[in-house]
Amino acid sequence: MIELKSPEEVARMRAAGLLVGETLQLLRGAVAPGVTTAELDALAEEHIRSGGGVPSFKGYHGFPATICASVNDEVVHGIPGPRALRDGDVVSIDCGAIVEGWHGDSAVTVPVGAVGEELARLLAVCEEAMWRGMAAARLGGTVSDIGGAIEAFVRAQGEYGLVQEYVGHGIGTAMHQEPQVPNYAHSARRSPRIVEGMVLAVEPMLNLGTRHTRLLEDGWTVVTADGARSAHFEHTFTVTAEGPRVLTALDGGAAGLAAVGASAAARP
């Protein structure tokens, strides 16, 4: 069953989303060669708790940390630890927080020092795919419109592996709710209609090589099957009569949505 939120409940989710957005902004600035993923995790937990929130991930099905920190070929759900980041790495940081019972969830992939053009483009394509997915969401449309927009954009950019095993989701009083939000085209006939009060997390994961993944023995960390680098971006958003509103973006998504709108309008 899909949980629909009242305007007052969406406002509470915005508070959780802002705390997540602020935490990721803080962590993005802290990423540097020599910093460990455990240090990033400690910084995230302190900021979330000092902001009146509770980490969504810590203890979730036994997950031991506040953030997921996935480095290089790690796609998602990497466990923070003593690993020090190195120049040329990329680290995907997934973060969630609960404020007054409501969840926010967002992720960003950050380059460590200087990265090559191929890797920088992977990050840019993955992030734009996320924004294009949200921009495609309209009241009266279907959830399938989101995945269709993501896949169409990615396929037009070259040979990237668009992960299918892990998808976006509904979010609210629980971190993971119905409906699932695939990052690829799927049947609109079986896809839920987008209605006011629906809140979704969209999160494409994109690889430089194959789309296939495998799970490590720790039971959490997902890596690319071929060892290629990966990127992951995520935002929590809702859809209004005026269009998408991004609850985990500090500006409500204005800049990101405007950028993909301008890019689409410029295409012949």
Side-chain angles (χ1 to χ4, degrees), residues 4-29 31 44 47-48 51 53 92-97 99 102-111 120-121 123-143 145-150 152-154 156-157 168-172 181 183 194-206 231-267:
L4 299 181
K5 287 79 175 173
S6 69
E8 294 75 20
E9 290 168 338
V10 171
R12 290 185 184 181
M13 292 195 70
R14 174 60 168 159
L18 281 172
L19 184 56
V20 171
E22 291 164 359
T23 303
L24 284 176
Q25 184 179 58
L26 178 67
L27 296 182
R28 185 194 286 270
V31 166
H47 188 76
I48 289 170
S92 297
I93 305 169
D94 195 351
C95 180
V99 175
W102 295 91
H103 289 256
D105 189 8
S106 185
V108 61
T109 302
V110 184
R121 178 164 167 74
L123 271 57
V125 170
C126 188
E127 183 172 17
E128 183 166 347
M130 174 194 65
W131 286 109
R132 285 179 178 268
M134 289 187 288
R138 293 287 184 270
L139 295 179
T142 68
V143 170
D145 296 336
I146 298 169
I150 290 171
F153 174 72
V154 169
Q157 305 311 305
H169 50 89
I171 182 170
V181 187
N183 300 306
I194 296 174
V195 298
E196 200 150 4
M198 185 182 285
V199 182
L200 306 171
V202 59
E203 50 178 327
M205 301 164 202
L206 200 60
H232 173 208
F233 285 85
E234 177 183 17
H235 268 311
T236 297
F237 77 107
T238 191
V239 182
T240 71
E242 290 74 40
R245 181 183 176 213
V246 185
L247 303 181
T248 45
L250 300 185
D251 67 349
L257 292 167
V260 297
S263 176
R267 291 176 181 271

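Counting only heavy atoms from C-beta outward, the side chains of Val246 and Asp251 never approach each other to under 4.5 Å. Between Asn183 and Met205 the shortest side-chain heavy-atom distance does not fall below 4.5 Å. Leu139 places a side-chain heavy atom less than 4.5 Å from the side chain of Glu196. No side-chain heavy atom of Thr238 sits less than 4.5 Å from a side-chain heavy atom of Met13. Side-chain contact between Leu206 and Phe233: absent, with no pair of heavy atoms (C-beta onward) separated by less than 4.5 Å. At least one side-chain heavy atom of Asp94 sits under 4.5 Å from a side-chain heavy atom of Glu234. Counting heavy atoms from C-beta outward, Arg14 and Trp102 have side chains that stay 4.5 Å or more apart. You'll find the side chain of Pro111 reaches within 4.5 Å of the side chain of Leu123, heavy atoms only.
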Q: Check the pair Glu9, Val199 against side chain to side chain contact (heavy atoms under 4.5 Å, CB included), reporting the backbone distance first and the verdict last.
A: CA-CA 10 Å; Glu9 290 168 338; Val199 182; over 6 Å; no
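Considering Thr109, Ile93, Val108 as possible partners of His232, the one that fulfils the side-chain contact (heavy atoms from CB on, under 4.5 Å) test is Thr109. Screening Val202, Thr236, Ile150 for a side-chain contact (heavy atoms from CB on, under 4.5 Å) involving Met134 leaves a single residue, Val202.
Expressed to the nearest 0.5 Å, how far CZ of Arg121 lies from CD of Glu128 amounts to 9.0 Å. Glu203 contributes atom CD, which lies 12.0 Å from atom NE2 of His235 (distance to the nearest 0.5 angstrom). With values rounded to the nearest 0.5 angstrom, Ser106 atom OG is found 12.5 Å from Phe237 atom CZ.
Here the closest non-hydrogen pair linking Ala249 and Trp131 is CB-CH2, 4.5 Å. Heavy-atom minimum distance, Ala16 versus Ala97: CB-O, 3.9 Å. Taking both residues in full, the closest heavy atoms of Ala135 and Pro244 are given as CA-CG, 4.3 Å, listed atom of the first, atom of the second, then distance. What you find for Val99 and Gly53 is that their closest heavy atoms are CG2-CA, 4.2 Å. Taking all atoms of both residues into account, the shortest heavy-atom contact from Gly104 to Ile171 is C-CD1, 4.1 Å. A pairwise comparison of heavy atoms in Ala149 and Gly133 identifies CB-CA, 4.3 Å as the closest pair.
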Ignoring hydrogens and angles, write down the donor-acceptor pairs under 3.5 Å from the side chains of residues 18-28, residues two or more places apart or on other chains.
{"unit_1": "Thr23", "atom_1": "OG1", "unit_2": "Leu19", "atom_2": "O", "d": "2.7"}

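Remark: Val181 engages Val143, Ile146, Leu200 in a side chain to side chain contact (heavy atoms under 4.5 Å, CB included) (not counting sequence neighbours).
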